[in-house]
Amino acid sequence: MTDKPAINKVVLAYSGGLDTSVILKWLQQHYGCEVVTFTADLGQGEELEPARAKAELMGVRPENIFIDDLREEFVADYVFPMMRANALYEGTYLLGTSIARPLIAKRQIEIAKQVGADAVSHGATGKGNDQVRFELGYYALSPDIKVIAPWREWDLTSRTKLIEFAEAHQIPVSKDKRGEAPFSTDANLLHTSSEGKVLEDPWDEVPEYVYSRTVNPEDAPDVPETITIDFERGDGVALNGEGMSPATLLAKLNDLGRAHGIGRLDLVENRFVGMKSRGMYETPGGTIYAMAHRGIEQITLDRGAAHLKDELAPRYAELVYNGFWFSPEREMLQAAVNYSQEKVTGTVRLKLYKGSCIVTGRRSPHSLYSEKVVTFEDDQGAYDQRDAAGFIKLNALRLRLLGRRDR
């Protein structure tokens with residue numbers, strides 16, 4: 001690399017896996033700098049303490065090893081605000097990977113300031129979206145920070161070369177990493193994503209062994225399960241009447257979704273960097289939660305507000321997907337979304353059955369639904385049907401004028 005910047009100390013987003021362990025050693029060698037590791041518990045379901053031992057083994061001082069439990073912050077401050085917006089990228093993807101990146105970036109920058117680091121580093125490749133998401137977050141929060149993206153710099157361009165580097169530098173390599181990986185995964189409390197290798201041909205069905213968060217819907221229980229979710233101001237606060245923290249609620253919904261095979265998505269998406277990619281997503285609890293949130297909005301949001309939200313949601317989703325969580329436009333949209341949720345309070349009942357999640361009831365102290373107005377029986381003057389004639393004629397006026405002109 002030419003014009004290599006001088007780096008004193010770098011904070012690395014570190015999982016303890018093969019890639020980031022190689023990056024750790026490479027940073028030490030290539031830049032001759034001190035490395036600080038940061039490992040985030042976002043509910044990925046893995047034991048994280050081995051990352052501490054591995055970092056120490058590779059010469060990282062104990063005071064430079066950060067392992068943070070961010071599950072509650074992740075759900076309360078990132079997942080739930082996004083869910084208030086009903087954000088779906090390209091109409092289907094619940095943004096499980098995308099929404100985790102700004103929190104990781106934020107915490108990395110906080111640690112960098114705490115320890116006096118002049119750079120941050122990540123293990124995202126030069127082909128994907130995550131490099132953009134991490135780095136937009138870094139620069140938004142620390143405009144002058146130096147960013148090191150090894151996959152865009154080094155010549156370790158294959159898994160074989162990574163393993164050879166690891167063995168040459170006494171970096172432990174687990175047995176499951178020695179063969180060619182059948183696919184790559186990313187996981188957190190909201191979802192698991194899988195892509196690459198056996199998933200690269202979009203015509204081939206996803207092999208059942210790829211799924212890790214959901215049972216096959218065909219094998220799910222033959223009896224449906226009914227649940228309720230309580231909302232306050234647009235956020236879930238209770239499951240089956242039992243109050244829960246945001247992360248606890250999502251974890252419980254994940255268990256329910258897993259058991260009933262809910263939340264599988266096979267998607268060919270448009271990456272921000274320009275290419276199409278095929279991924280398999282499992283979002284069991286998030287799928288149930290999103291359906292429930294829609295259910296409570298149906299009776300608490302005015303038509304104008306609801307339809308405007310539906311217009312804004314794709315834009316919001318695209319901002320999250322592309323890495324602009326800390327942008328002013330996302331924050332502007334969030335303010336509008338949050339305002340819309342002031343009366344989104346109540347209870348939704350859902351039926352879970354063999355991969356499906358169906359709303360079967362909703363109630364709210366702020367409901368706009370009027371049975372007296374909508375009834376087909378005698379409404380006792382609540383709605384005068386004769387008013388509809390003038391309403392229709394006024395809306396038809398331009399159509400009639402067009403029809404007369406063009407006849």
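Note that the coordinates shown come from a computational prediction; the quantities given were computed from them, not determined experimentally.
Here the closest non-hydrogen pair linking L249 and V237 is CD2-N, 4.0 Å. Taking both residues in full, the closest heavy atoms of P207 and L199 are given as CD-CD2, 4.1 Å, listed atom of the first, atom of the second, then distance. Shortest non-hydrogen contact noted between S15 and A51 is O-CB, 3.9 Å. Minimum interatomic distance between N270 and Y89 (heavy atoms only, all atoms of both residues): O-OH, 2.6 Å. Closest approach of D186 to N188, counting heavy atoms only: OD2-ND2, 4.3 Å. Minimum heavy-atom separation, V359 to G295: CG2-CA, 4.5 Å.
In this structure, the side chains of N322 and V132 stay at 4.5 Å or more apart for every pair of heavy atoms. Taking 4.5 Å as the limit, some side-chain heavy atom of E269 sits within range of a side-chain heavy atom of N129. The side-chain heavy atoms of Y316 and R330, taken from C-beta on, include a pair separated by under 4.5 Å. I104 places a side-chain heavy atom less than 4.5 Å from the side chain of L42. Between D130 and T97, the closest side-chain pair of non-hydrogen atoms falls below 4.5 Å. T287 has its side chain out of reach of Y281: every pair of non-hydrogen atoms, C-beta onward, lies at least 4.5 Å apart. By the 4.5 Å heavy-atom criterion applied to side chains, V11 and F66 are not counted as neighbours. At a threshold of 4.5 Å between non-hydrogen side-chain atoms, the residues F231 and Q341 do not count as touching.
Although no hydrogens or angles enter the test, the distance criterion places no donor-acceptor pair under 3.5 Å between the side chain of R362 and the main chain of Q298. No donor-acceptor distance shorter than 3.5 angstrom exists from the side chain of S21 to the backbone of L18, with no hydrogens or angles considered. The backbone N or O of V373 lies less than 3.5 Å from a partner atom in the side chain of S370, making a donor-acceptor pair. Of the possible polar contacts, one joining the N216 side chain to the E218 backbone as a donor-acceptor pair under 3.5 Å is found. Distance alone, capped at 3.5 Å, is enough to place a donor-acceptor pair between the Q28 side chain and the M58 backbone. Between the side chain of S121 and the backbone N or O of I148 there is at least one donor-acceptor pair closer than 3.5 Å. Listed for the Q131 side chain is no donor-acceptor partner under 3.5 Å among the backbone atoms of A124. Distance alone, capped at 3.5 Å, places no donor-acceptor pair between the D266 side chain and the M280 backbone. A donor-acceptor pair under 3.5 Å is absent between the side-chain atoms of E282 and the main chain of T192, judged by distance alone. Side chain of K146 to main chain of D118: no donor-acceptor pair is present (N/O by atom type, distance under 3.5 Å, no hydrogens or angles).
Ring geometry for H30 versus W26: interplanar angle under 30°, hence parallel rather than tilted (30 to 60°).
Using a 4.0 Å cut-off between charged nitrogen and carboxylate oxygen, E56 and R52 do not count as a salt-bridge pair. Using a cut-off of 4.0 Å between Lys/Arg side-chain N and Asp/Glu carboxylate O, R152 and E135 are scored as salt-bridged. One finds a salt bridge joining R294 and D310 here, because a Lys/Arg side-chain nitrogen approaches an Asp/Glu carboxylate oxygen to under 4.0 Å. Salt bridge present: R271 and E195 bring a charged side-chain N and a carboxylate O closer than 4.0 Å.
The cationic atom of R133 (NZ for Lys, CZ for Arg) lies less than 6.0 Å from the six-membered ring centre of Y321 and within 45° of the ring axis.
Summarising the geometry, atom CZ belonging to R303 is positioned 12.5 Å from atom CG belonging to L368; distances are rounded to the nearest 0.5 Å. With rounding to the nearest 0.5 Å, the separation of CD1 in I296 from OG1 in T347 is 6.5 Å. Atom CG of L70 is separated from atom NZ of K106 by 7.5 Å, given to the nearest 0.5 angstrom. L402 contributes atom CG, which lies 9.5 Å from atom CG of L397 (distance to the nearest 0.5 angstrom). Atom CD1 of I358 and atom CZ of R349 lie 12.0 Å apart (nearest 0.5 Å).
Within 6.0 Å of NZ on K351 lie no more than 12 heavy atoms contributed by other residues, nucleotides or ligands. Atom CD of E208 is surrounded by more than 12 heavy atoms from other residues, nucleotides or ligands within 6.0 Å. Summarising the local packing, CD of E371 is surrounded by 12 or fewer heavy atoms from other residues, nucleotides or ligands at distances under 6.0 Å. Under a cut-off of 6.0 angstrom, the local environment of NZ in K343 is sparse, with at most 12 non-hydrogen atoms contributed by other residues, nucleotides or ligands. Applying the 6.0 Å contact sphere to CD of E232 captures no more than 12 heavy atoms from other residues, nucleotides or ligands. Within a 6.0 Å sphere centred on CD of E49, heavy atoms belonging to other residues, nucleotides or ligands number more than 12. The local environment of NZ in K25 is crowded, with over 12 non-hydrogen atoms from other residues, nucleotides or ligands closer than 6.0 Å.
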- Output, in order, the C-alpha distance, side-chain angles, deciding distance and verdict of side chain to side chain contact (heavy atoms under 4.5 Å, CB included) for F324 and L136. CA-CA 7 Å; F324 288 94; L136 289 178; 3.7 Å; yes

- Between T300 and T345, is a side chain to side chain contact (heavy atoms under 4.5 Å, CB included) present by the stated rule, with each step listed? CA-CA 8 Å; T300 54; T345 293; over 6 Å; no

- Show the numbers, then the answer: is there a side chain to side chain contact (heavy atoms under 4.5 Å, CB included) between W325 and R101? CA-CA 9 Å; W325 179 263; R101 299 323 188 202; over 6 Å; no

- Query: Under the side chain to side chain contact (heavy atoms under 4.5 Å, CB included) criterion, do L319 and R315 qualify, and how do the steps go?
  - Reply: CA-CA 6 Å; L319 289 170; R315 177 75 172 125; 3.7 Å; yes

- Message: salt bridge (charged side-chain N to carboxylate O under 4.0 Å, His left out), that's the test. Do K161 and E164 meet it? Break it down for me.
- Response: CA-CA 5 Å; K161 288 184 177 180; E164 288 174 353; over 6 Å; no

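Between the side chains of H366 and E342, no donor-acceptor pair is found at a separation under 3.5 Å. Between the side chains of Q108 and Y138, at least one donor-acceptor pair of N or O atoms lies under 3.5 Å.
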Pairs of donor and acceptor atoms involving the side chains of residues 75-88, under 3.5 Å and at least two apart or interchain, shall be tabulated with distances.
from	atom 1	to	atom 2	distance (Å)
R84	NE	D235	OD1	2.8
R84	NH1	N338	OD1	2.9
R84	NH2	D235	OD2	3.0
N86	OD1	H293	ND1	2.8
N86	ND2	E297	OE1	2.7

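Screening residues 35-46 for salt bridge (charged side-chain N to carboxylate O under 4.0 Å, His left out), with sequence neighbours left out, gives D41-R71.
When the side chain to side chain donor-acceptor pair (under 3.5 Å) test is applied to S327, the partners found at least two apart in sequence or on another chain are E329.
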